[in-house]
4 protein chains.
Amino acid sequence: MTGTHHGNRYGRSEEARQAVLHAADDLLVERGFAGVTIEGVAARAGVAKQTIYRWWSSKVDILLDTLIDDMAKELTPRDHGDVSRDLRAHLHKVALFLTRADAGAVFRALVGHAQHDPAMAARLRADYLSQQRARDRIPLERAVERGELSSETDIEVALDELLGPVHYRVLVTGEPVPRKFTDHLVDQFLVRYGTGRG
Amino acid sequence: MTGTHHGNRYGRSEEARQAVLHAADDLLVERGFAGVTIEGVAARAGVAKQTIYRWWSSKVDILLDTLIDDMAKELTPRDHGDVSRDLRAHLHKVALFLTRADAGAVFRALVGHAQHDPAMAARLRADYLSQQRARDRIPLERAVERGELSSETDIEVALDELLGPVHYRVLVTGEPVPRKFTDHLVDQFLVRYGTGRG
Amino acid sequence: MTGTHHGNRYGRSEEARQAVLHAADDLLVERGFAGVTIEGVAARAGVAKQTIYRWWSSKVDILLDTLIDDMAKELTPRDHGDVSRDLRAHLHKVALFLTRADAGAVFRALVGHAQHDPAMAARLRADYLSQQRARDRIPLERAVERGELSSETDIEVALDELLGPVHYRVLVTGEPVPRKFTDHLVDQFLVRYGTGRG
Amino acid sequence: MTGTHHGNRYGRSEEARQAVLHAADDLLVERGFAGVTIEGVAARAGVAKQTIYRWWSSKVDILLDTLIDDMAKELTPRDHGDVSRDLRAHLHKVALFLTRADAGAVFRALVGHAQHDPAMAARLRADYLSQQRARDRIPLERAVERGELSSETDIEVALDELLGPVHYRVLVTGEPVPRKFTDHLVDQFLVRYGTGRG
DNA sequence: TATTAACCGAGACGGTACGTCGAGTCTTACG
DNA sequence: CGTAAGACTCGACGTACCGTCTCGGTTAATA
């Protein structure tokens with residue numbers, strides 16, 4: 001009746017999964033968060049609504065799925081052998097990620113939605129942000145190992161000082177986040193905490 | 001409302017306005033952002049939907065109306081005669097405001113929604129956040145006048161360094177924002193920028 | 001936003017009501033009972049689904065509304081001054097009604113559905129069929145008054161004998177119900193029950 | 001079903017067939033016609049939907065399968081040697097069958113559905129009702145042979161006069177069909193058509 | 001005895017329609 | 001003119017079944 005189907009007892013259709021994720025992503029970028037509807041995603045993906053509801057609980061759930069890959073892929077810090085270069089590079093990557101159209105848009109939309117939905121906020125933090133937080137720690141932990149930072153540095157607070165201003169600009173003031181700004185944050189941070197050996 | 005409606009040939013009903021604002025506020029706290037609907041507000045306020053649409057353009061518009069008074073009232077910094085005490089007090093007040101149930105909930109909800117709605121975000125920044133930003137500048141400008149901060153201090157960047165971590169915790173990580181944290185931010189800031197005269 | 005609306009505090013839109021009834025009727029005739037869907041009726045009538053649900057509880061409810069006028073209009077027996085002519089005329093009208101495309105189709109569909117839905121069956125009998133039954137009694141009661149039938153005639157049973165075979169053909173065997181057949185039923189009936197004065 | 005399924009190269013599983021028929025029958029009695037769904041039958045019978053679609057074209061097709069045995073079994077008239085007793089007995093059996101919960105429910109449901117589906121109605125008449133009609137003729141044909149009825153009797157019309165009122169009560173008015181009523185129908189019929197020898 | 005084709009259960013798939021909710025618009029009667 | 005009331009169109013929600021299409025495993029006639 002309907003053309004080609006891909007039912008399969010042992011496992012879902014990867015084709016349908018990809019179509020849904022891409023459709024949701026596209027709609028978010030094109031029409032914004034309110035423009036992402038289950039009905040719209042289904043239509044655009046060429047998929048039945050029921051198929052979406054079978055695997056995702058809400059449009060937020062879909063967007064989380066689109067986010068997780070990107071974040072790990074784009075935001076894993078590399079080792080440049082030097083705390084300053086590590087931090088400058090990582091903070092810049094974070095800024096680029098947050099302000100870029102596609103993946104950053106998903107992140108902003110989800111953090112925005114989290115303000116309206118405590119349960120989803122808890123899940124976002126437990127499943128996604130904590131992973132990112134772990135990646136963010138890496139440059140600082142390496143710096144402590146290298147002796148570039150005191151071993152008594154409060155890394156949690158340090159992360160807030162470095163990442164806080166970047167997210168604040170993105171989420172609240174809407175100011176751009178140029179490289180100069182992130183570099184400045186790193187420099188100020190090292191002035192205070194660095195051992196002078198870095 | 002009193003049960004009887006109140007036509008008024010010369011001007012709008014202040015009674016209706018207050019009922020709407022309170023109903024919206026109550027619903028936000030009780031049921032969250034999604035629980036605030038025009039229909040629900042109208043029913044709760046004992047007001048016709050049309051009356052709401054006549055004076056507000058959306059539920060976000062109503063919530064903005066509830067926010068503006070509170071922010072000016074609660075977040076105007078006092079002068080303690082000393083940059084450290086000024087900043088510590090102000091940052092603490094900001095943290096309290098953001099994390100408190102009612103007014104902070106409205107703020108978080110609106111910033112959350114702004115992530116989904118660029119036009120509303122622009123308006124939020126132009127009409128509300130810029131006013132708050134001006135209030136936030138006061139302690140720093142006073143410190144420059146007093147000579148406690150160099151006159152070359154980039155106040156915009158300084159604000160981002162002070163307020164950014166606070167908003168980051170509130171909006172992203174969900175960590176609490178204790179006085180110890182805000183005090184630490186101020187201390188670190190003054191270590192770097194202070195003239196030593198403060 | 002949508003063109004012309006006709007909201008009105010004091011009363012529903014007669015225009016919408018008529019459009020719904022006609023659309024339902026048309027769909028029934030064109031596509032059969034299964035082809036009558038709330039969604040389809042709404043689309044065809046140019047009416048919102050919500051408007052239908054506001055005034056009718058189901059598609060059956062709509063069809064009942066289309067039926068009631070027709071039945072009273074078409075099946076009220078006239079007085080020909082003679083039991084034989086009265087009954088022949090009435091039975092023929094019933095047969096025509098039942099076998100005709102539009103109104104008869106509605107009747108058949110509803111009686112068919114009543115077989116699946118005891119609650120609806122009860123309502124159909126209480127609100128519609130009993131009215132028709134009352135109309136069907138008229139010729140027989142007149143005949144008793146005229147002395148053409150014994151006053152001891154069991155009118156209920158008589159009605160079953162006259163109307164039963166007609167409905168049986170329509171609903172069960174699908175045989176046509178020609179005038180010859182209905183006339184024969186009347187003749188046989190009068191042979192048995194008539195006083196010979198008719 | 002036993003929990004293990006039973007592939008069979010040459011021929012279908014009688015076990016599955018019975019499970020489906022019983023499940024359909026049970027669901028019809030418990031939840032009515034609308035409560036009979038292919039999914040529900042499959043689940044209840046412990047059978048795959050595909051197995052149902054392999055052997056039946058629709059839920060109506062399943063119910064027809066449950067009907068055919070019962071009708072032949074229960075509605076074959078016996079020979080009492082006398083037209084009056086033959087007809088009284090047969091008409092009473094028909095009335096019992098139609099008004100009883102299980103088999104009668106299936107019959108009523110199918111006749112009801114036939115009002116909505118002309119193709120199914122044609123099939124119902126061709127495959128089932130015509131067989132029943134043949135059985136219904138038997139007592140009358142025997143009576144003609146015996147000389148109890150004139151050989152010129154129009155048996156088709158006679159059947160409508162006898163069976164029509166019974167079906168009318170069952171399908172339309174919902175009145176009970178007591179023995180007194182069926183006996184009366186037979187008596188009236190014989191008054192008119194009998195040769196007086198019966 | 002091993003092969004293998006028809007049947008079986010399970011269940012994912014693309015769809016249609018369901019009945020509900022809220023959005024934003026429009027009309028009315030009243031004060 | 002502003003108000004309460006509420007009917008209107010519209011879009012999306014999440015659910016139930018539809019009928020189709022694999023999939024991996026079972027069974028029994030045949031090679």
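Throughout, a chain's letter reflects where its sequence line sits, starting with A, and its residues are numbered from 1. Please read all numbers here as calculations on a predicted model, not as lab measurements.
As rounded to whole Å, 8 Å separates atom P of dC18(E) from atom NZ of K59(C). Between the C1' atom of dT26(F) and the CD atom of E15(D) lies a distance of 13 Å, rounded to the nearest Å. Following rounding to the nearest Å, I38(B) (CD1) and dT25(E) (P) show an atom-to-atom distance of 11 Å. As rounded to whole Å, 13 Å separates atom P of dT20(E) from atom CD1 of I52(C). Spacing between atom CZ of R54(A) and atom C1' of dC17(F) amounts to 12 Å, rounded to whole angstrom units. Atoms CZ (R44(A)) and C1' (dA12(F)) sit 18 Å apart, rounded to a whole Å.
Using a 4.5 Å heavy-atom cutoff, the side chains of F107(B) and L124(B) are not in contact.
Comparing G40(A) and T51(B) by the nucleotide of DNA chain F whose heavy atom lies nearest to each, the residue mapping closer to the 5' end is T51(B). Between S58(D) and V47(C), the one whose closest nucleotide on DNA chain F sits nearer the 5' end is V47(C).
Taking side-chain N and O atoms only, W55(C) has a distance below 4.0 Å to OP1 or OP2 of dC8(F). Put simply, T37(B) has no side-chain N or O that comes within less than 4.0 Å of OP1 or OP2 on dC21(E).
Using a 4.0 Å heavy-atom distance criterion, W56(C) is classed as making no nucleic acid contact.
Summarising the geometry of A109(C) relative to H116(D), their closest heavy-atom pair is O-NE2, 2.9 Å, with the distance given to 0.1 Å.
Applying the side chain to side chain contact (heavy atoms under 4.5 Å, CB included) test between I62(B) and each of D25(B), I38(B), V36(B) identifies I38(B) as the sole match.
In this model, a side-chain donor or acceptor of Q50(B) finds a partner on the base of dC26(E) within 3.5 Å. Between the side chain of E39(C) and the base of dC18(E) there is no donor-acceptor pair of N/O atoms closer than 3.5 Å. Residue side chain K49(A) reaches the base of dG14(F) through a donor-acceptor N/O pair under 3.5 Å, judged by distance alone.
Relative to the six-membered ring of W55(D), R12(D) meets both conditions, a distance below 6.0 Å and an angle of at most 45° to the axis.
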